[in-house]
Amino acid sequence: RKPSKAKTNNDSGSGCIGYFILIPLIVIGVNFGFIGICVTVALVCIIIGMIVNYSGKKKRNLKKINDAWALYQEGKPTQAFNLVKDLGKDYPRAACVLSVLYYNGQGCEQDYEKAFYYSSLGKKEDVDVYAMYAIMLYYGEGCKKDESKGIYELCAAAAKGSKLALMRLGEIDLYKNNANETTITNLNIAGEDGYNYSYFLLATIYLNGNGTIKQNNEKAFEYMKKAAELGVHDAIDFFENMNNSDTENS
């Protein structure tokens, strides 16, 4: 939803600008005459030109960033990268695009250090980039490893609404053999929001039991099948390996 435009008073705005220009002209004109007025007019024109140019440049750059996100969603990462590669330091939203591209090595050479740098600039702009920043801290990807800070930042990103953070927290619970009902809930929420790998994590938790979650082959198969149908490679490999094993045993 776009924010509503603020009401403006054009007359008062014009009056302010008029006084801003007129008063210096009168003062300089009284003291320096016609030449002083000409110099003042020239300076005012230069300043206005600079303001207009800056405003136009900013608008063009914001359009580039929006176009870059659209290109990335369309599967054109190289074009997206070329649009924003020089904008990351000045525009947090551009930093978000670059952090994702550098992390995945899409449209550019994979570079975790750059991914971490740009995610630190864009984390306040996008909650999933915040989650990516946190997980890089946790594993020490492109930065000094800090598990406790990584978990703290992941929880903060999850609290702000990042479903990616929920999935990564669930993944950590799995690897630490610390899964619980909250883990199950969070992974289901993430899966419903399009993070399909969450279903593979759920299947893995139920497959052998993990933490306080007991083994449940029926649920494990249900989640694994769902993950495979959604194109999760690990789940597809699981069924292929199972089929190969059945073929060898028969």
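Keep in mind the model is a prediction, meaning the values are calculated, not measured.
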I need the full list of salt bridge (Lys or Arg N to Asp or Glu O under 4.0 Å) pairs touching residues 155-171, with sequence neighbours left out, sorted by first then second residue. Arg168-Glu171

Return the CE to CE distance between Met242 and Met224, rounded to the nearest 0.5 Å. 9.0 Å

Qualifying residue for ring-ring contact (aromatic ring centres under 6.0 Å, His included) with Phe116, from Tyr102, Tyr133, Tyr138: Tyr133

Note, Lys59 side chain near Leu62 side chain (heavy atom, < 4.5 Å): no

Donor-acceptor under 3.5 Å (Glu113 side chain, Gly142 main chain): no

Distance-minimising heavy-atom pair for Ala235 and Ala228: CB-N, 3.5 Å

Glu218 atom CD, neighbour heavy-atom count above 12 within 6.0 Å: no

Considering all heavy atoms, the nearest Val84-Ala68 contact: CG1-CB, 3.5 Å

Please say yes or no: joined through hydrophobic side-chain contacts below 4.5 Å, possibly via intermediate residues, are Leu166 and Met136 part of one cluster? no

Contact summary for Cys108 and Leu101, nearest pair of heavy atoms: SG-O, 3.6 Å

Residue pairs involving residues 228-240 (criterion salt bridge (Lys or Arg N to Asp or Glu O under 4.0 Å); sequence neighbours excluded): none

Nearest-0.5 Å distance, CD1 of residue Ile135 to OG of residue Ser119: 11.5 Å

Rounded to the nearest 0.5 Å, what's the gap from NZ on Lys89 to CG on Leu87? Could you check? 12.0 Å

Give me the atom names and distance for the closest heavy-atom approach of Asn104 to Gln110. C-NE2, 4.1 Å

Aromatic rings Tyr199 and Tyr223: how do their planes relate, parallel, tilted or perpendicular, breaks at 30° and 60°? parallel

Tell me the closest heavy-atom pair linking Ala190 and Ser198, and the distance in Å. CB-OG, 3.3 Å

When clusters are formed by joining ILVMFWY residues with side-chain heavy atoms under 4.5 Å apart, either directly or through shared neighbours, do Leu169 and Val127 land in the same one? no

Same cluster (ILVMFWY, side-chain, under 4.5 Å), Tyr139 and Leu154: yes

Could you tell me whether the side chain of Thr183 reaches within less than 4.5 Å of the side chain of Ile213, counting heavy atoms only? no

For Tyr112, run the ring-ring contact (aromatic ring centres under 6.0 Å, His included) check against Tyr103, Tyr117, Tyr118 and tell me which one passes. Tyr103

Specify the closest pair of heavy atoms between Gly122 and Ala95, including all atoms of both residues, with the distance to one decimal. N-CB, 4.1 Å

CG of Leu83 to NZ of Lys85, rounded to nearest 0.5 Å, is 10.0 Å

Side-chain contact, heavy-atom cut-off 4.5 Å: Leu98 with Leu121? no

Mind checking the CG-CD spacing from Asn216 to Glu222? Nearest 0.5 Å is all I need. 9.0 Å

Quick check: are there more than 12 heavy atoms from other residues, nucleotides or ligands sitting under 6.0 Å from CZ of Phe239? yes

Might you work through the side-chain contact (heavy atoms from CB on, under 4.5 Å) test for Ile189 and Asp193, ending with a clear yes or no? CA-CA 6 Å; Ile189 291 172; Asp193 201 57; 5.7 Å; no

Output a table of donor-acceptor pairs, distance under 3.5 Å, between side-chain atoms of residues 200-211 and any protein atom two or more places apart or on a different chain; print 'none' if there are none.
{"from": "Thr204", "atom 1": "OG1", "to": "Phe200", "atom 2": "O", "distance (Å)": "2.8"}
{"from": "Asn210", "atom 1": "OD1", "to": "Asn178", "atom 2": "N", "distance (Å)": "3.3"}
{"from": "Asn210", "atom 1": "OD1", "to": "Ala179", "atom 2": "N", "distance (Å)": "3.1"}
{"from": "Asn210", "atom 1": "ND2", "to": "Leu174", "atom 2": "O", "distance (Å)": "3.0"}
{"from": "Asn210", "atom 1": "ND2", "to": "Asn177", "atom 2": "OD1", "distance (Å)": "3.4"}

Rounded at 0.5 Å granularity, tell me how far OG1 in Thr182 sits from CG in Leu187. 10.5 Å

Would you say the side-chain atoms of Glu125 and Tyr91 include a donor-acceptor pair closer than 3.5 Å? no

